[in-house]
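These notes are about the structure you will find just below.
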Amino acid sequence: MSTKYVYFFGDGKGEGNGKMKELLGGKGANLAEMVNIGLPVPAGFTITTETCTHYYANNKQFPAELKAQVEEAIKKTEKAMGAELGSKTNPLLVSCRSGARESMPGMMDTVLNIGMNDDTVQALAKHSGNERFAWDSYRRFVQMYGDVVLDLKPRSKTERDPFEVALEHKKEKAGVTEDNQLSVAQLKELVEEFKALIKDRTGKAFPTDPMEQVWGAIGAVFGSWGNDRAVVYRRTYGIPHEWGTAANVQAMVFGNLGDDCATGVGLTRDCAIGTPGFCGDYLINAQGEDVVAGIRTPLRIEETLAKDMPSAHKQLDDIGIKLEKHFKEVQDIEFTIQRGKVWMLQTRNAKRTGFAAVRIAVDLLEEGLIDEKEMLAKRRIPADDLNQLLQPIFDPASKKVAEKEGRLLAKGINAGPGAASGKIVFFADDAEKMFEKDPKTDLILVRRETSPEDLRGMKAAKGILTAFGGASSHAALVSRQMGKACIVGCGALDINYEAGTITVGDKVLKSGDFLSMDGFTGEVFEGKVTTKPSEVIQVLITKTMKPEEAETFRRFDKLMKIADKHRKLRVRTNADLPNQAEEAIAFGAEGIGLCRTEHMFFDHLDEIREMIVADNLEHREKALAKLLPFQRKDFAGLFKAMDGKPVTIRLIDPPLHEFLSDAHLETDPKLADKLAKWSGKSVEEVKKRVEELHEFNPMLGHRGCRLGIVYPEITRMQARAIFEAAVEVQKAGVKVFPEVMVPLAGFAAEFKNQEKIIRETAEKVFAETGTKVEYMVGTMIEIPRAAVRADQIAENAEFFSFGTNDLTQTTLGMSRDDYGPFIGFYRENDIIGNDPFQQIDQDGVGELMKIGVERGRKTRNKLKIGICGEHGGDPSSVMFCHKIGLDYVSCSPFRVPIARLSAAQAAVEG
Ligand code: ADP
Ligand code: MG
Ligand code: MG
């Protein structure tokens, strides 16, 4: 049997349908689908993408069977339209249109009005009773065919289209400004001039045989798959070159027959903010490309079409409703109105912003077009896009002005979504002071990079901008946790702390100058760009808006509630402070998955430093005793805020030199003296002790449970603070549920060592206070050995939490503080597909996670398992966690809604 290369559509029936996008391309499949559901579509046929593949594989030759199949399809088209190609009484004209599996807007070619020659133009004039229209169509055809098929298109940006030049001369000579003001005689002259141009450039006469024209156009459409523009586009968007395009040959309908005709493009509802109702552009008495070509300014469908053409407007509305009912999605359509009748030429699912995505999904549900599961579909609302509803945004008009004025300075990695505008400040303590003086000042903290000591300065700033670091650098991580706009790795910025300047090219900005940054895009602007907080934030966090006044919030909330109903994964948050915890609860967090206790130490550096320089147990315990009340108070605050929800507290994790190092001694000249006084040692001895703390590879050094094992008194103090706080809060009538987490254990013995101290301390506190508190002791799984020996660790550990930041570092042997210089190269050269610190490396790290889950649960079948790395807020990683059977994910407060939606998407899409 010979291969079927051609699929006809018309007379109320398509041989293909909407599901056949691979074979028929998006445009062809949906043209057939529209015919099948009874919409008015001019008849025609689709030549398959396989034909295109064949064409390229065979030296640009068509398959032998194609000719007969095309000729037969042309006959059917002629019959359906009641007109004939080349007829001298009632000629059929066709278009030949490209259309790949995925839309590649404007990248490939289309030819309109095929079938025109000196005879058919006369026939068309007579048949339509409109001579001007006939010659206008002829003029357009020769021009388009010349450009697309005969290759007269300009080859460089500076070159001009020869036909456009001729057209302009003609208009000038005639003293008119618009194409449609040219007379019939002038159009006739133009056709002759165009033909002469072609003869002159190609050495051949313009082809007059309609069938020859059709074949020329088909070849050109296939050829356009291989043009430079299309190739570059595919590379950018990851579309395989093997796919090929389909070619759609379709009977022409005319929007240029008079004032009861038009052509247009539209959306079945607005896709920027999601408002219901048909909207779009149209042009009266015009053809196809005119609307997008910007030759004349189009009119707005929602504003004037009802008045201009009431019947056509009604038809369009009905078509929009029918399309949405059928496709269950907003459609992006192309149409032509011929003598008052609407003809459909294209439809596809419309692209939209996060705002529109949420509104449209909820509206479609409320209108009964889709059910809850369909509403949650990942392609409908990419979970990450929820960010747009949470973050302050730039006022679009103000951003446009900044761009126009040339104030775009540089682009970095968009690490924390949100827009911020404020004064440049280089030092965290300056930021803090300025903020204390005037909490209303908007500040942008600009650093080469940030460290834990910058925390309070970061809190004071509206946005954080760094010249170095990647998407999981300290700055990025902390900003996301705080929900602040953040751009990192903005290498174009030359930051000079001493001079207090940022230099970008020939521009120099000083401390105190205004800077604006768009964390959604990574763009940095000089000067001010106006921002505003999102509605969702105003309701949930700042409480400056009532839920009932907030339409966007209402839909967001509905979406979240439905997501909660369908998801299996629980969602927790990474939070160290009561106010972060409260924000996270407002966003729907069901517990704390990671409280990093060392953040608390940074607020009490004196005491921890005293502990570090002490050289005997007694002295260390004395210093630790000073820290105890601070920790207890912090934990009590967290327990209260979480009100009975589980709180996972991780014991101290970073190496001690993060609290005390040579660099600290250098920047604070009085510090060594102070330490000497505290420890009763000489300054020299103190310096030596500090030097000892230095590590060559801190990531793999004396940190995590290794600290608590060597210095059990630290674990003892932390456990005591946790249980005393728990008892205190429980006595006050608030439920508590602490989960004490041991970091970085790889050997079961490491865990057991720490577990013993924790449980003994708990028992002591319970005995002292006469109150018992329910609690668990578990561990992070963050080095490969722990995953592999999860069976042994689970004998004692009551829960696991995958620390995927460290697990990724240790599995890949790749430091997340040092991967910046090569990761970009790796991604551009397809060495690895994604940033493994943003999306779980499923084949590697993910495999270890699977082993950890499997072996852990073999020992303890109800073992509670979660994830608390940055990946816990990444949609693809959340879906993976669902798949391997975790109980919960934990992420920064502002990513909680994203995790809730991702978890639901994992549950409904599997
Ligand atoms: P693109 O993929 O670049 O949008 P199309 O193949 O959709 O290219 O063609 C562009 C425009 O040309 C269409 O939106 C439509 O307005 C016009 N057009 C194409 N085919 C026809 C036709 N058979 N009748 C009338 N107009 C057409
Ligand atoms: Mg189109
Ligand atoms: Mg870790």
Side-chain angles (χ1 to χ4, degrees), residues 9-10 21 24-31 34-35 40-47 73-74 77-78 80-81 83 85 91-116 124 128 133 136-137 140-141 143-145 147-148 213-214 217-218 220-222 224-225 227 229-230 233 245-257 261-267 280-296 298 301 316 331-339 341-351:
F9 53 84
K21 293 198 172 66
L24 304 180
K27 197 182 286 168
N30 275 353
L31 282 170
M34 285 196 287
V35 172
V41 175
F45 54 91
T46 304
I47 306 175
I74 291 265
T77 309
E78 289 175 335
M81 300 306 291
L85 213 56
L92 172 73
L93 301 191
V94 296
S95 63
C96 182
R97 321 168 60 190
S98 54
R101 213 188 278 193
E102 262 175 42
S103 104
M104 297 170 43
M107 294 298 125
M108 290 185 295
D109 289 327
T110 282
V111 185
L112 305 182
N113 305 318
I114 300 167
M116 276 294 196
L124 197 67
S128 65
F133 149 75
D136 181 49
S137 302
R140 288 168 187 268
F141 173 58
Q143 175 169 359
M144 225 172 184
Y145 200 88
D147 273 339
V148 172
Q213 294 171 354
V214 169
I218 295 170
V221 163
F222 285 161
S224 69
W225 175 256
N227 73 33
R229 262 185 320 173
Y233 183 90
T245 179
N248 300 285
V249 177
Q250 187 177 22
M252 286 298 299
V253 284
F254 301 101
N256 54 341
L257 267 170
C261 301
T263 178
V265 296
L267 293 164
D281 296 324
Y282 71 102
L283 266 182
I284 289 179
N285 198 8
Q287 191 173 61
E289 322 269 54
D290 295 3
V291 189
V292 275
I295 298 170
R296 280 190 275 153
I301 294 173
L316 258 186
Q331 296 294 299
D332 172 341
I333 69 162
E334 295 172 12
F335 64 91
T336 281
I337 302 169
Q338 173 175 296
R339 300 219 158 113
K341 177 178 161 75
V342 174
W343 290 91
M344 289 298 295
L345 294 167
Q346 194 169 331
T347 191
R348 63 188 160 209
N349 293 344
K351 298 217 170 18

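Worth saying up front: this structure is predicted, and the values here are computed from it rather than measured. Numbering of ligands and ligand atoms starts at 1, following listing order.
- The environment of Lys351 atom NZ is sparse: at most 12 non-hydrogen atoms of other residues, nucleotides or ligands sit within 6.0 angstrom.
- The nearest heavy-atom contact from the protein to atom 11 (C) of ligand 1 is Glu289 OE1, 3.7 Å.
- Geometrically, ligand 1 and Leu345 share no nitrogen or oxygen pair separated by less than 3.5 Å.
- Distances from the Mg ion (ligand 2) under 2.8 Å pick out these protein N/O/S atoms: Glu334 OE1, Glu334 OE2, Gln346 OE1.
- Taking the six-membered ring for Trp and the full ring otherwise, Phe254 and Phe133 have centroids separated by under 6.0 Å.
- When heavy-atom distances to ligand 1 are checked against a 4.0 Å cut-off, Gln346 comes that close only through its side chain, counted from C-beta outward.
- Looking at every heavy atom in both residues, Gly288 comes nearest to Thr263 through N-OG1, 3.6 Å.
- Contacts with ligand 1 closer than 4.0 Å are made by no heavy atom of Val265, backbone or side chain.
- Shortest contact from atom 3 (O) of ligand 1 to any protein heavy atom: Gly106 N, 4.3 Å.
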| task | Could you check Thr347 against Gln331 for side-chain hydrogen bond (donor to acceptor under 3.5 Å, both in side chains), going step by step and ending with a plain yes or no? | result | CA-CA 6 Å; Thr347 191; Gln331 296 294 299; 2.7 Å; yes
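- The only option from Arg140, Gln143, Gln287 that meets the side-chain hydrogen bond (donor to acceptor under 3.5 Å, both in side chains) definition with Asn113 turns out to be Gln287.
- Close contacts of ligand 1 with Thr263, meaning ligand atoms under 4.0 Å from a residue heavy atom, involve 16 (O).
- Residue contacts with ligand 1: Thr110 is placed with a nitrogen or oxygen under 3.5 Å of a nitrogen or oxygen of the ligand (distance criterion only).
- In this structure, the side chains of Asp281 and Ile301 stay at 4.5 Å or more apart for every pair of heavy atoms.
- Scanning for side chain to side chain donor-acceptor pair (under 3.5 Å) contacts around Glu78 gives an empty result, with sequence neighbours left out.
- Contact of the Gln213 side chain with the Phe141 side chain is registered, since non-hydrogen atoms from C-beta on lie closer than 4.5 Å.
- Proximity of Met252 to ligand 1, defined as any heavy-atom pair under 4.0 Å, is shared by backbone and side chain alike.
- Judged by distance alone, with hydrogens and angles left aside, the side-chain atoms of Thr110 form no donor-acceptor pair with the main-chain N or O of Arg97 at under 3.5 Å.
- Scanning the protein for heavy atoms near atom 16 (O) of ligand 1, the closest one is Gly288 CA, 3.1 Å.
- For atom 20 (N) of ligand 1, the closest non-hydrogen atom on the protein side is Ser95 OG, 2.9 Å.
- Closest of all the heavy-atom pairs between Gly99 and Met108 is N-CE, 4.3 Å.
- With a 4.5 Å cut-off on side-chain heavy atoms, Pro42 and Met252 do not count as touching.
- Contact of the Ile337 side chain with the Trp343 side chain is not registered, since no non-hydrogen atoms from C-beta on lie closer than 4.5 Å.
- The distance from ligand 1 to the heavy atoms of Val253 drops below 4.0 Å at these ligand atoms: 24 (N), 25 (C).
- Of the protein's non-hydrogen atoms, Glu334 OE1, 3.3 Å is the one closest to atom 13 (C) of ligand 1.
- Heavy-atom distances between Ala251 and ligand 1 reach below 4.0 Å in at least one pair.
- By the 4.0 Å heavy-atom criterion, Lys27 is counted among the residues contacting ligand 1.
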